[in-house]
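Numbered from 1 within each chain, the chains take letters A, B, ... in sequence-line order.
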Amino acid sequence: MAVTNADIAAIFNKVADLLEIKGENPFKVRAYRNAARTVENIGKSLAQLVEEGYDLTKLPGVGHDISEYIKEIVTTGRLKKLEELEKEIPSHLVEMLSIEGLGPKRIKVLYENLHIESLEDLRKAAESGEIEKLPGFGPKLIEKILKGIKLAKKEGKRFKWAVAEYYANELVKYIKSIKGVINIEVAGSFRRKKETVGDLDILVTAKDWEEVSDHFIKFDGIKEVISKGPTRSTVILKSDIQVDLRSVAKESYGSALHYFTGSKAHNIAIRSIAVKKGLKINEYGVFKGAERIAGLTEEEVYKTVGLPYIEPELRENRGEIEAAYENRLPKLIRLEDIRGDLHVHTKYTDGKHTIAQMAKAAKDLGYEYIAITDHSKHLTVANGLDEKRLRVQMEEIDRLNEELDGITVLKGIEVDILEDGTLDLPDSVLKELDIVVAAVHFKFKLSSEKQTARILKAMDNPYVDIVAHPTGRLIGEREAYEVDMQKLLESAKERGCVMELNGQPERLDLNDVYSKMAKEMGVKLAITTDAHNTFSLNYMRYGINQARRGWLEAADVINTLPLKEMKKALKR
DNA sequence: GCCGTTTTCGGCCCGACTGTTTTCAGTCG
């Protein structure tokens, strides 16, 4: 089994953790983390790049040493450097980094003085009072550690963006009820529309911070107040989401918003440019010596470093700064650009509403068209359609189109891709449809070679227009199946197939990295909702979020086209 | 360990908050 980019990134992150505990130069540690991030975001398979003899040092954050390490991992599946580090430092120590209040320095002290190597050792030593004898470890810290051990299992929990959105809206509404609040915005990964959100960072400017902060910590959904300071307060909600509320003066709002929106990597890159220009950027503004030269708006902040405004969704240091310099930032797609939905279900299978109801709801959204794509017969749990029932549905759609005004209903199917890559319905009926969406719904555990071959074969069928949720992942529930996305996209390009960006909040599939890769390879996408009821036609906005993170413009997405042109774009 | 429109050596973003401290280290984002 080939080494994946995720494997390589995991190795570099582990090296970084161990080096940190060892007490290595923090910039060296950062170099490994940067390399890990590059590897995760590159899209293309590093194993393949190595095979092609590509010069890896061209990748950002990858120099001579790390380039050699990547080659070593790809060819041997291991990294000697990591194995040596693990001999030196027990690798279980890394687990302790997840405990609030314990960082590399304290872990090192605990290991060297008390030989604490695991969470269990840590708990025993904390309870027996041994830790308290160490300098710098007072009673409050020990209490925090004990609490942290219990929480360690839940550690790293992230929330789907749509879930975070609910709490964000509630909190903003609650905080806004204070009259003195001037500006309020949820920043952080939420504002960058990341598919999952770890915590909510809310920024406010207000006449009286004390009043806002006192009000904030009385919010009904709060489980615990972590800290409350003169500019920042942190709480944990009952739903375990951490919320940071931060206040700045009005004139610093732009620089603070930039700072708290991140990403960290983007901010570091921007600040580094500022340093080279003799400027200092912090959340209070842009400074030339002691003089504040900008900070009211984000635009101002970017201007001081010679850049145009960069949309939050792009701020991941994945090339947006270079693109901004060269004036080739994408004009990101917006919800208003969408003219129709190409993947929805009805009562015929596992949907909740009729074709007419779905069509009306789509029209109310201002759409020109909606494609009915119910499941095919293999998906028995969803009451999938056989040819006979599909033909009944097709007739109903024909009748409906005669009655309807202002919206066109397209005849379609979400046809199952069987294990051997053939389709669940015969060509004789597929060819009569306006649109065929093909999808994998079972046998997720095939090898990458088999899964890739399976989908490639389905794409060979000339009636397949769109490959739905191409990696099959469900955020937080199911990993993507193994598949060679590079090959899928190459063949989509060759055959004129469209790839789906499914807007279901737990799918968002293709993800941002693959969406960007598809765009760069010239593959068109369809952003769909996979709606099973009229309400979830609104999931389009989640799809748009992900699309924007993937640098997509309206021209990259076929359902921004008017009906006639969209149908032409589907032809292959 | 990476990087270069001042540099191939000497930098590497910046501040808030906590806890344990008499002035600051560690952690966090």
Side-chain angles (χ1 to χ4, degrees), chain A residues 12 15-16 19-21 23-38 56-70 81 96-110 131-145 148 187-190 192 197-203 209 213 225-235 242-248 252 255-256 258-287 295 301 305-306 317 325:
Chain A
F12 287 154
V15 169
L19 288 177
E20 204 168 20
I21 292 170
E24 262 284 4
N25 175 355
F27 298 105
K28 188 190 273 194
V29 174
R30 186 200 286 171
Y32 279 96
R33 295 207 198 283
N34 284 343
R37 225 177 38 80
T38 293
L56 298 172
T57 63
K58 283 186 184 158
L59 302 174
V62 177
H64 173 268
D65 289 17
I66 288 186
S67 149
E68 290 302 313
Y69 292 150
I70 292 174
K81 185 182 172 74
M96 284 193 250
L97 283 171
S98 67
I99 290 175
E100 180 97 22
L102 278 191
K105 301 277 168 58
R106 285 176 182 149
I107 289 174
K108 194 177 181 201
V109 169
L110 290 169
I131 294 180
E132 214 166 336
K133 294 173 195 154
L134 294 174
F137 287 82
K140 285 206 172 163
L141 184 56
I142 290 176
E143 195 186 323
K144 200 170 176 181
I145 290 172
S189 53
F190 180 79
R192 303 201 309 279
V197 173
D199 56 18
L200 293 173
D201 297 299
I202 307 179
L203 181 67
W209 159 250
S213 178
V225 177
I226 300 289
S227 67
K228 187 170 181 294
T231 70
R232 192 178 84 192
S233 295
T234 299
V235 304
Q242 179 172 320
V243 185
D244 291 336
L245 184 69
R246 178 67 196 261
S247 152
V248 291
S252 296
S255 44
H258 180 257
Y259 171 65
F260 287 108
T261 297
S263 67
K264 190 172 173 172
H266 175 89
N267 284 355
I268 288 175
I270 293 291
R271 288 177 180 203
S272 299
I273 298 170
V275 168
K276 286 186 191 117
K277 290 179 182 286
L279 304 172
K280 186 178 79 169
I281 299 182
N282 59 27
E283 54 263 60
Y284 301 113
V286 182
F287 296 86
V301 174
V305 290
N317 201 17
Y325 262 125

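- B:dT23 and B:dT18 have their C1' atoms separated by 15 Å, with the value rounded to a whole Å.
- The gap from the P atom of B:dA16 to that of B:dG10 amounts to 32 Å, rounded to the nearest Å.
- Every residue was checked against the side chain to side chain donor-acceptor pair (under 3.5 Å) condition with A:Arg232, not counting sequence neighbours, and none meets it.
- Rounded to a whole Å, the CG atom of A:Leu56 is 15 Å from the C1' atom of B:dC2.
- Where A:Tyr69 and A:Lys280 meet DNA chain B, the nucleotide closest to each residue was compared, and A:Tyr69 sits on the side nearer the 5' end.
- Applying the side-chain hydrogen bond (donor to acceptor under 3.5 Å, both in side chains) test to pairs two or more places apart or on separate chains, those with a residue in residues 260-273 of chain A are A:Arg191-A:Thr261, A:His266-A:Tyr302, A:His266-A:Glu320.
- For the C1' atoms, the distance from B:dT20 to B:dG26 is 11 Å, rounded to whole Å.
- The shortest distance between the side-chain N/O atoms of A:Asn267 and the OP1/OP2 oxygens of B:dC13 is not below 4.0 Å.
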Between the protein and nucleotides 3-12 of chain B, which nitrogen or oxygen pairs come in under 3.5 angstrom?
unit_1 : atom_1 : unit_2  : atom_2 : d
B:dC3  : OP1    : A:Gly61 : N      : 2.8

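- As rounded to the nearest Å, B:dC14 and B:dC9 have P atoms that lie 25 Å from one another.
- The heavy-atom pair separating A:Val305 from A:Ile270 by the smallest distance is CG1-O, 4.1 Å.
- By the 30° and 60° cut-offs, the orientation of the rings of A:Tyr32 relative to A:Tyr69 is parallel.
- Residue pairs satisfying the salt bridge (Lys or Arg N to Asp or Glu O under 4.0 Å) criterion with at least one member in residues 275-287 of chain A, sequence neighbours excluded, are listed as follows: A:Arg246-A:Glu283.
- In this structure, A:Ile270 reaches neither bases nor backbone, as no heavy-atom distance under 4.0 Å exists between it and the strands shown.
- Counting only distance, with no hydrogens or angles, the side chain of A:Thr38 and the backbone of A:Pro60 share a donor-acceptor pair below 3.5 Å.
- B:dC17 is paired with B:dG26 under the criterion used here, namely a Watson-Crick or G-U wobble arrangement in which both key atom distances are under 3.5 Å.
- With a 6.0 Å radius and a threshold of 12 heavy atoms from other residues, nucleotides or ligands, A:Lys228 has its NZ atom above the threshold.
- Distance CZ (A:Arg37) to C1' (B:dG1): 15 Å, rounded to an integer number of Å.
- The glycosidic torsion of B:dT20 lies more than 90° away from 0, which places this base in the anti conformation.
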statement: Going 5' to 3' through nucleotides 16-29 of chain B and flagging B where a protein heavy-atom sits under 4.0 Å of the base, S where only the sugar-phosphate is that close, and - otherwise, we get SSSSS-----SSSB
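- Whole-Å rounding puts the A:Lys58 NZ to B:dC2 C1' distance at 18 Å.
- Nucleic acid contact class of A:Lys81 (heavy atoms, under 4.0 Å, all strands): sugar-phosphate only.
- Using a distance-only test at 3.5 Å, with no hydrogens or angles considered, a donor-acceptor pair links the side chain of A:Asn282 to the main chain of A:Gly285.
- With P as the reference atom, B:dT8 and B:dC17 are 41 Å apart, rounded to whole Å.
- Of the C1' atoms belonging to B:dT6 and B:dA25, the separation is 35 Å, rounded to the nearest Å.
- Using a 4.0 Å cut-off between a side-chain N of Lys or Arg and a carboxylate O of Asp or Glu, A:Glu20 and A:Arg33 qualify as a salt bridge.
- Applying the salt bridge (Lys or Arg N to Asp or Glu O under 4.0 Å) definition to pairs two or more places apart or across chains, those involving residues 56-68 of chain A are A:Glu68-A:Lys71.
- B:dG15 and B:dT21 have their P atoms separated by 27 Å, given to the nearest Å.
- Taking the P atom of each, B:dG11 and B:dT22 are spaced 31 Å apart, rounded to whole Å.
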